[in-house]
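Data first, discussion second: the structure below is written as C-alpha cells.
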Amino acid sequence: RARKTVMDILTASVSGVTSITEVRLVENYSSPTSRCSLTCLSTTKAVGDSISVTAGYESANGIVFTGYVKEMRKTIPPGTMTLECTDVLGRALDDFLAADNPDAPLSYSNIAAETLAQNLLAHALLTAYSSESPGFTFGVLKPLDFQLMSVWEAVDEISRLLAWHTWADH
C-alpha cells in the first residue's frame, strides 16, 4: 500500500471550478471582509456569481468560505486562472452612498442604532442582518446625514461609536 502525504489527503472543491491548484483564505479581525483567492484550470463562474469553498482533509472537510466572485484573471503559467472572491460585506465596500441632489443626502432621524445599520446595509442589498439593541438612538436633535461614502464606511462609523464589531457570519 502506497503511503499518503499530507498533500494527498488535503482537498478543496468549488462547484463550477475544476482542477484547483491553490486556495488562499484571508481573514482577520481588523478587515471588513474575508477574501479568498482560487487558482484553477477552468471555471463556469462569472464575476458576481456566488461561491462556496469546501476544504479540509479527505475524511473531515467543510465550508471554509462563502461569498461571490469579485474579479477573474488569467495567470501564469498559461492555461490557469485566478478567481478573487470576497464575502458579502464586499458589497457594502463597493456600494456608494451618493444622493442625486448633493443638497439632499441620505438622512435619518430618531432611528435606533441597529435599525440604522440594517437600513444602510440594505442599500448594498444585504438584508440578512441581526444584532442586539444597544439602546441608542441616532438623529434625535438633528438628522444624521450620509453622503459620498461607502455603505461600509457608514456602518463602520456607527459600529465604532457604539464599540460594535460588524462581520459576515459564514
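This is a predicted model, so every value here is computed, not measured. We number each residue from 1, following the sequence as shown. Every heavy atom of this structure was used, including side-chain atoms; hydrogens, water molecules and symmetry mates were not.
Under the 4.5 Å side-chain criterion, counting only non-hydrogen atoms from C-beta, Glu84 is in contact with Arg73. For the pair Thr66/Val88, no side-chain contact is recorded, criterion being any heavy-atom separation below 4.5 Å from C-beta on. No side-chain heavy atom of Glu27 sits under 4.5 Å from any side-chain heavy atom of Trp167. A heavy-atom distance below 4.5 Å is not found between the side chains of His165 and Ser159. With a 4.5 Å cut-off on side-chain heavy atoms, Cys36 and Val23 count as touching. Using a 4.5 Å heavy-atom cutoff, the side chains of Val53 and Ile63 are not in contact. The shortest distance between side-chain heavy atoms of Leu116 and Phe146 falls below 4.5 Å. Contact annotation: the side chain of Thr166 never approaches that of Ile158 to less than 4.5 Å [non-hydrogen atoms, C-beta and beyond].
For Ser42 and Thr18, the side-chain atoms include at least one donor-acceptor pair closer than 3.5 Å.
In this view, Phe96 satisfies the ring-ring contact (aromatic ring centres under 6.0 Å, His included) rule with no residue, not counting sequence neighbours.
Here the straight-line distance linking atom CG of Asn110 with atom CG of Leu141 works out to 9.0 Å at 0.5 Å rounding. For the atom pair CG (Leu83) and CD (Glu71), the distance works out to 9.5 Å, reported to the nearest 0.5 Å. The distance from the CG atom of Leu120 to the CH2 atom of Trp152 is 11.5 Å, given to the nearest 0.5 Å. Summarising the geometry, atom CE belonging to Met81 is positioned 11.5 Å from atom OG1 belonging to Thr21; distances are rounded to the nearest 0.5 Å.
Tested against Ile51, the residues Asp87, Thr86, Leu38, Thr43 include a single side-chain contact (heavy atoms from CB on, under 4.5 Å) partner, Leu38.
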- request: Report the C-alpha distance between Thr44 and Asp49 in whole Å, list the side-chain angles of each, state the deciding distance to 0.1 Å, and finish with yes or no for side chain to side chain contact (heavy atoms under 4.5 Å, CB included).
  value: CA-CA 10 Å; Thr44 58; Asp49 285 354; over 6 Å; no
- request: Evaluate the side chain to side chain contact (heavy atoms under 4.5 Å, CB included) criterion for residues Ile111 and Thr137: first the C-alpha distance (whole Å), next the side-chain angles of each, then the deciding distance (0.1 Å), finally the verdict.
  value: CA-CA 5 Å; Ile111 187 166; Thr137 302; 5.6 Å; no
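Checked by atom type and distance alone, the side chain of Lys45 pairs as donor or acceptor with a backbone atom of Ser50 at under 3.5 Å.
Between Phe136 and Phe138, the angle of the ring planes goes over 60°, which puts this pair in the perpendicular group of the 30/60° scheme.
Residue Leu97 is grouped with residue Leu161 when hydrophobic side chains (ILVMFWY) are merged at heavy-atom distances under 4.5 angstrom, including chains of intermediate members.
Counting non-hydrogen atoms of other residues, nucleotides and ligands closer than 6.0 Å to CG of Asp100 gives a total of 12 or fewer.
Counting Ile, Leu, Val, Met, Phe, Trp and Tyr side chains that sit under 4.5 Å apart, directly or through other members, Tyr68 stands alone, with no cluster partners. Other members of the cluster containing Tyr29 do not exist, because no ILVMFWY side chain is joined to it at under 4.5 Å.
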